[in-house]
Amino acid sequence: MTISSMKQTGRLSHAVQNIRPSGIRRFFDMASTMENVISLGVGEPDFVTPWNVREASIASMERGFTAYTANPGIIELREEIAAYLEQQFSTPYDPESEIIVTVGASEAIDIAMRATVNPGEEVIIIEPGFVAYAPIVSLAGGVPVSIGTKKENEFKITKEELEAAIRPNTKAVMLCFPNNPTGAVMTREELLPIAEVIEKHNLLVLSDEIYAELSYDNQHYSFARLPAMQERTILISGFSKAFAMTGWRLGFVCAPTDISAAMLKIHQYTMMCASSLAQYGALEALRNGREEVERMVTSYRQRRNFIVKSFTEIGLSCHLPGGAFYAFPSIEQTGLSSEAFAEALLKEEQVAVVPGDVFGEGGEGHIRCSYATSMDSLQTAIERIGRFLKKHG
């Protein structure tokens, strides 16, 4: 059988065929072919992983700790994760039965969806949101249902919006606060009405809290900490953002024992375990890395303040993000779509940003700008964007 005839017989999964490629990658690919580009598009820290973390990983290799670990991760790391979550966010978990160390937070989201969602069940996605949520729901056999948040509410979900989206087949709600791409943060008082809806309709919550440590004005409040919510919540986090460990691909997922046992089955058969070298690095990060995290957070806060003030001065309205390291200014005044704005800005001024519409409902008319880059680069980027606006404003 020839390749062309095999295509005609449908050799690809329907689920995969129906998923669009990431809208972020197109702009990265364009930028990679150009010179003198300043990128505000990359969603990762511009800091190098702290030396003591790298050294601990190297030392573990030198000591011969290069074999498979226990499927859910080395127990010392799970114990440190449990202690960290309780100390920092008052969310206690049993390291033996409720914590799994994963290959990044992305694997944690994937196994959480596959362990809980049956074919045809709906998962509500709060948007603008991380581009992977809806595709992961689809790959698990579920049906993603989007709720578009509004800039007037600083992209926070309301009780009324959530209630209106719930249908008989709704199984779970995907939350991400601090939010990628908007930087929105929700307080305890704002989350409580959401929890009431969750309990009323007997739903699960997948709470992606990967940016929890990057909260600038208030201490992060975990959804699992709300009354009666820990038994309904799958908490997802990791080491990529706060500890500047993106390339290490290490995350974790915490959930009630029955859900954790189900996720562990999938993890066992697909990943076996996370990298042993990365796990020993993460162990050091939790034990002796808090000062470095605070130093990075201080730097991000300064850059956040600068970029939001600068956007306002050049004529782009932008709410003050409470967390993560993204600004999400409105570009509606230009009359350009988000994609057209981002493409023209890249070609004319060599500044790479991400069009807001790739993040789903409510994202059109905005661009995502990461301020996880140097102040010099941010200042130059603002100058270029200002020049661009004079031509297109």
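All figures in this text were calculated on a predicted structure; none of them were measured in a lab.
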Student: Which of these, Phe130, Tyr371, Tyr211, sits in a ring pair (Phe, Tyr, Trp, His ring centres under 6.0 Å) with Tyr326?
Tutor: Tyr211
Student: Go through the steps for Val293 and Arg290 under the test side chain to side chain contact (heavy atoms under 4.5 Å, CB included), then give the verdict.
Tutor: CA-CA 5 Å; Val293 173; Arg290 310 289 177 86; 5.6 Å; no
Student: Tell me if a side-chain donor or acceptor on Ser60 pairs with a main-chain N or O of Ser57 at a distance below 3.5 Å.
Tutor: yes
Student: With a 6.0 Å cut-off (strictly less than), is the heavy-atom count around CZ of Arg167, excluding the residue itself, greater than 12?
Tutor: no
Student: With distance as the sole test, does Glu199 use its side chain to make a donor-acceptor pair with the main-chain N or O of Ala228 at under 3.5 Å?
Tutor: no
Student: Which atoms form the tightest heavy-atom contact between Thr233 and Ser207, and what is the distance?
Tutor: CG2-CB, 4.0 Å
Student: Using modelled atom types and a 3.5 Å cut-off, is there a donor and acceptor pairing between side-chain atoms of Glu154 and backbone atoms of Lys151?
Tutor: no
Student: Side chains of His392 and Ile331: closer than 4.5 Å at any heavy-atom pair?
Tutor: no
Student: Kindly say whether Ser317 contributes a backbone atom to a donor-acceptor pair with the side chain of Thr312 at under 3.5 angstrom?
Tutor: no
Student: As a quick check of understanding, evaluate ring-ring contact (aromatic ring centres under 6.0 Å, His included) for His366 and Phe359, giving each step before the final call.
Tutor: CA-CA 10 Å; His366 297 79; Phe359 299 102; over 10 Å; no
Student: Within a strict 4.5 Å, meaning less than it, do heavy atoms of the Ile166 and Lys200 side chains meet?
Tutor: no
Student: Taking the side chain as everything from C-beta on, heavy atoms only, tell me whether Val185 gets closer than 4.5 Å to Asn218.
Tutor: no
